[in-house]
Protein chains: 4
Amino acid sequence: MKYSFANDYSEGCAAKVLDALIESNAVQTCGYGLDGYCEEARKTIQKLIKCEEADVHFLVGGTQTNLTVIAAALRPYEAVIAVDSGHIHVHETGAIEACGHKVIAVKGNDGKLEVEAVKSVLDVHIDEHMVKPKMLYISNATEIGTIYKKAELQALRQFCDQNDLYLFLDGARLGCALNAEGNDLCFADLAALCDVFYIGGTKNGALFGEAVVIVNEALKADFRYMIKQRGGMLAKGRLLGVQFLILLKDGLYAELAKHANETAQHLQKGMKELGCQLLLESPTNQVFAALSHEEAKRLSQSYTFNHWEKIDACCDYYRFVTSWATPIEAVDGLLEELKRIKEEIACGL
Amino acid sequence: MKYSFANDYSEGCAAKVLDALIESNAVQTCGYGLDGYCEEARKTIQKLIKCEEADVHFLVGGTQTNLTVIAAALRPYEAVIAVDSGHIHVHETGAIEACGHKVIAVKGNDGKLEVEAVKSVLDVHIDEHMVKPKMLYISNATEIGTIYKKAELQALRQFCDQNDLYLFLDGARLGCALNAEGNDLCFADLAALCDVFYIGGTKNGALFGEAVVIVNEALKADFRYMIKQRGGMLAKGRLLGVQFLILLKDGLYAELAKHANETAQHLQKGMKELGCQLLLESPTNQVFAALSHEEAKRLSQSYTFNHWEKIDACCDYYRFVTSWATPIEAVDGLLEELKRIKEEIACGL
Amino acid sequence: MKYSFANDYSEGCAAKVLDALIESNAVQTCGYGLDGYCEEARKTIQKLIKCEEADVHFLVGGTQTNLTVIAAALRPYEAVIAVDSGHIHVHETGAIEACGHKVIAVKGNDGKLEVEAVKSVLDVHIDEHMVKPKMLYISNATEIGTIYKKAELQALRQFCDQNDLYLFLDGARLGCALNAEGNDLCFADLAALCDVFYIGGTKNGALFGEAVVIVNEALKADFRYMIKQRGGMLAKGRLLGVQFLILLKDGLYAELAKHANETAQHLQKGMKELGCQLLLESPTNQVFAALSHEEAKRLSQSYTFNHWEKIDACCDYYRFVTSWATPIEAVDGLLEELKRIKEEIACGL
Amino acid sequence: MKYSFANDYSEGCAAKVLDALIESNAVQTCGYGLDGYCEEARKTIQKLIKCEEADVHFLVGGTQTNLTVIAAALRPYEAVIAVDSGHIHVHETGAIEACGHKVIAVKGNDGKLEVEAVKSVLDVHIDEHMVKPKMLYISNATEIGTIYKKAELQALRQFCDQNDLYLFLDGARLGCALNAEGNDLCFADLAALCDVFYIGGTKNGALFGEAVVIVNEALKADFRYMIKQRGGMLAKGRLLGVQFLILLKDGLYAELAKHANETAQHLQKGMKELGCQLLLESPTNQVFAALSHEEAKRLSQSYTFNHWEKIDACCDYYRFVTSWATPIEAVDGLLEELKRIKEEIACGL
């Protein structure tokens, strides 16, 4: 069996999460996320983000969460602005448009949305012949592994306040972002700076699950109607409560993310030392490194990883993802194998 | 703690399902339902339904499944016909309409859709000023616990063939239906008679999951695009494969459903013996029995169950649901308690 | 050529409307309803309804108007209640559902929506598993020619206030309603009692056009975005302004409606005298009278009219519609012809 | 009164069109475009395009037409590719997205869509995590006045055939395109090369109206349901038939377009001679010329025209539109005034 660096959802869940599911399995609860586990998980999150008035809802997956939040927030002619690498723009099969809303894509800077780009959109969307931009969508960590600094979020927040826009942060990989080297944001900052965001479980140790946090009062009303209508209301909602409770109450969430980051950093450092060019210095669990086609072909006999983007006739960027589940030995193994391949090729083998 | 007869999704999952999840937890697979577990589960289902050309897809929940199937099948102006107690008409927060389609509701007969009712709809929907009926939606077991006989499905099938309509069967409680006394349908019959149907896991021993079976070639194209767009594509799709595999490969699915039915029949028989009027003789895991308000109030101190519909000033119908997880002792306990309450009231206590 | 009583849009427009269009044809104006004609028409309407704060928008047709108003007013999971003969429920090809909203149909009383029926809907729509009723849709005149009395509208208004519902009045045939015998409503009452309504032009002397009046502040924001997005913003919007101005500034609208009503009343009285049973006593421009199939067949050789609904094996109800354009001689002609046919049949010819 | 070069829908309709409307005004017809005028207009178009099997439908406006055609053609997850200046991408308030479909914008070449750009989209849209490109949307004339050559359309057609894509041509300004200098396309070519296109009336002498021509059999079914559902079915549909009949049966359509082009060419030539830089050499009725802000300010005291895009701190491009209604004297007047202004400014006045 090849070891896979293809993504951060290749396994089931972290051991403690599994234990919590096993332990609660026989307990009877009411359905649809109104049970005690969810209630306790909600309170844990409210405490963590230092915002007891926030509404917290648990959904199963990221696309589902993005479409439900955006469909709930926007009137029919309102649009959401995202960078052109944004998940909702590229990789959700038009889920936002299927809810009736345009995604306005702008160039990002290292995958991040900047005030200038947003401003340029607002400058030309001036009357009823065009959609009305109303929400900014950002991901942290971004789709290319970079993270937002506090000052960057503050600048976006300020611009949103000045222009009556919502700020929505997709936290599918929030664990890795908040536990990355160089990060200066905490959960409470997100609650202070975003109108709505979510804490991703699927990619950080849960079987599945995303916890939506709604801070802005204007976005709270009837959100459960939206979840149900879009098919996101899990009958056994307690499964989400159980998982987020164990992940968040005693630091497991951070612990798992740190492991993912550390293994990725080890991999990134190792690949640099082997002479691989990086797309960018990623502080989180995704590494984007250049390989020649021949190197990639040989390496893929023992490891799974994804093609990312073209460089030139002989080299491309490839993506390697680690997770809470990645053994450091797997990283060492890959580095050794890559070293061997490079030497072989150098020797004309 | 009160014991709950509120629904059939009060617990986690059946023990063997949990074991299968534990056992596979550390295995690496690819995402989105393209893994080996899903592949094997698909083959198991194709064999079970005696239709190897059928497409099988795994989704998380019922509303999600209904909206995805219907949105995939219909053009924008096409409508789906359902009985007025149909789940998509009443209890899915307008999920079908949110995908743009009208649900045309007709009176049912014991919760079942009949050819005559469908015909009356077609008779008046004659031109482009009205929606075009294109699909029949039925549930087996129905929302009130009754089941379709083979002859009833055949009649609907014939009418569909004559009128170019799709027949879609919601199998959220299909296990209970196919294992009920009086049932004369099997999985293979469903594949032969429906264009598309689903095998419900959530209410029959899985943590979650519904297996969509698409038989009609016209409905197969690009269904995975629809799943993704509507937010139903689970990242760790293997969780669905693992569960359906264990449920269906060696008869566990039937075994769990039989237990649910038996406990319900025991309850129904007992309540009748205690003099409770029934809404109807249910052959499956939902029992609808009349209680006086006083009886209901006292019984609800020890048991959870739901109000169903009004009868008169002093009595209403209440719903009691059993499941794979219901101990026969819980039923006995409820019957004893109800007997005691009836005696107390009779004695003017 | 047969004379047509099929509907009230068989001709072009009233002579004075045509003159106004001819006269303004060469004038240059800006587009999209922001021109001086529209501005003056808006002011005329605000004065007429005694509500200068009302927003007035001009759209081309009825279905377009209904879908734009409803899509603008409702959040995705909110629904509109209508009688089961309501135009949006039956005759708009699912236009409201195509905007994502469920139409909840209830039985009407002579085509009119009553508080009791609305209340029964609210009683069962109690949580997020069902749509949330938020708007009442009524037509005046109704689809079967009846009209609302002031007390009836007031009762609906009061119920809406108590239950946080919007009241939307479809005025496709408002001219006939407000000028019917027995009517006690005026334009100003509509502005006082409805959240939003429209004044129909298409069926009362215009080439086309409906004037939407938005009274409720909550429904005003960005309505022009909605019109544009749904394809209802006419490039040469001035055509709507020109027509509504001539129709409404000096009483032409009432005059045309009165003519339609008078010719219909003449027809209804005449048919009754000839022994035809009526579906109901219509005070407006639609007459629903019973004919034997033989009578209908013979009459249809000289006149066009529509089948309405079945009575029994030999008789059905047929609909006859008059308009601002119907010559009284055409009515007399039909009555004479029907008299002759009845005599022939009586004589066994 | 200032003379307006703001757009090509500032007046009512061409004299002959008005005459036809007057003449037919009192005639009774059936509704919804099933009348004799529409029938004859349809036949006229089928003959003109040399394709008697084509379906022809009449709608009121351009956005309405675009959204109806696209919503009818695409399944929910399918997308349409357009240049980033495309009308559906920029100026229809998200009408296409409101029907559920993503518009994929690519860079154009002089406002035109090229095979290379389409190919680059297809190269990256490879699985169900992304929308599926299914239609190309082009405008002729384009939004910046340029026109497609036959070879360009043929190249797009060939690519569509190879990749199972639809080609949809927005002909809002088709008259000007087909009658421009350098044009080598005729109506019959459009029918041979497009799957669906429309012949614009609103901007070429009609009060309103666009004639949709559906050539591809796969797009024909139930199109009238789509028109009705999206609010585009005009009750007095005959108004569209009357107008297209007079426009197309004896060459009036071409005559009006030629006048628009000639006045625009006269204007463009004049402005060049006055030293104005052009955005591009437009062969149709839109001229894009550079003016200094001071020139623009002075000229706007006597003429209406629109700002188009920024050049630098002192100059911008402005758009001047002529039409069938523009007197050549108005163009001469503008040129003289601009000459005078330039001289004044040169003299430091």
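What you see is a predicted model, and the numbers here were worked out from it, not measured in a lab. Chain letters run A, B, ... following the sequence lines, proteins first, then strands; residues in each count from 1.
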[X], part contacting chain C, at a heavy-atom distance under 4.5 Å:
X: A:Asp127; value: backbone
X: A:Arg224; value: both
X: A:Met130; value: backbone

Note, C:Val103 side chain near C:Ile70 side chain (heavy atom, < 4.5 Å): no

Residue, of C:Glu128, C:Arg75, C:Met226, that accumulates the most heavy atom pairs under 4.5 Å with chain A: C:Glu128

Ring-face cation of A:Lys50 near A:Phe187 (centre distance under 6.0 Å, axis angle within 45°): no

Option that, when pairs with chain C are counted at under 4.5 Å, heavy atom only, ranks first among A:Cys99, A:Ala72, A:Gly100: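 Heavy-atom pairs under 4.5 Å are most numerous for A:Ala72.
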
Electrostatic pair C:Glu40:C:Lys43 at N-O distance under 4.0 angstrom: no

Partner of A:Asp170 under side-chain hydrogen bond (donor to acceptor under 3.5 Å, both in side chains), chosen from A:Thr65, A:Asn66, A:Asn140: A:Asn66

Interatomic distance, C:Ile88 atom CD1 to C:Glu143 atom CD [nearest 0.5 angstrom]: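 Output value for this atom pair is 9.0 Å.
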
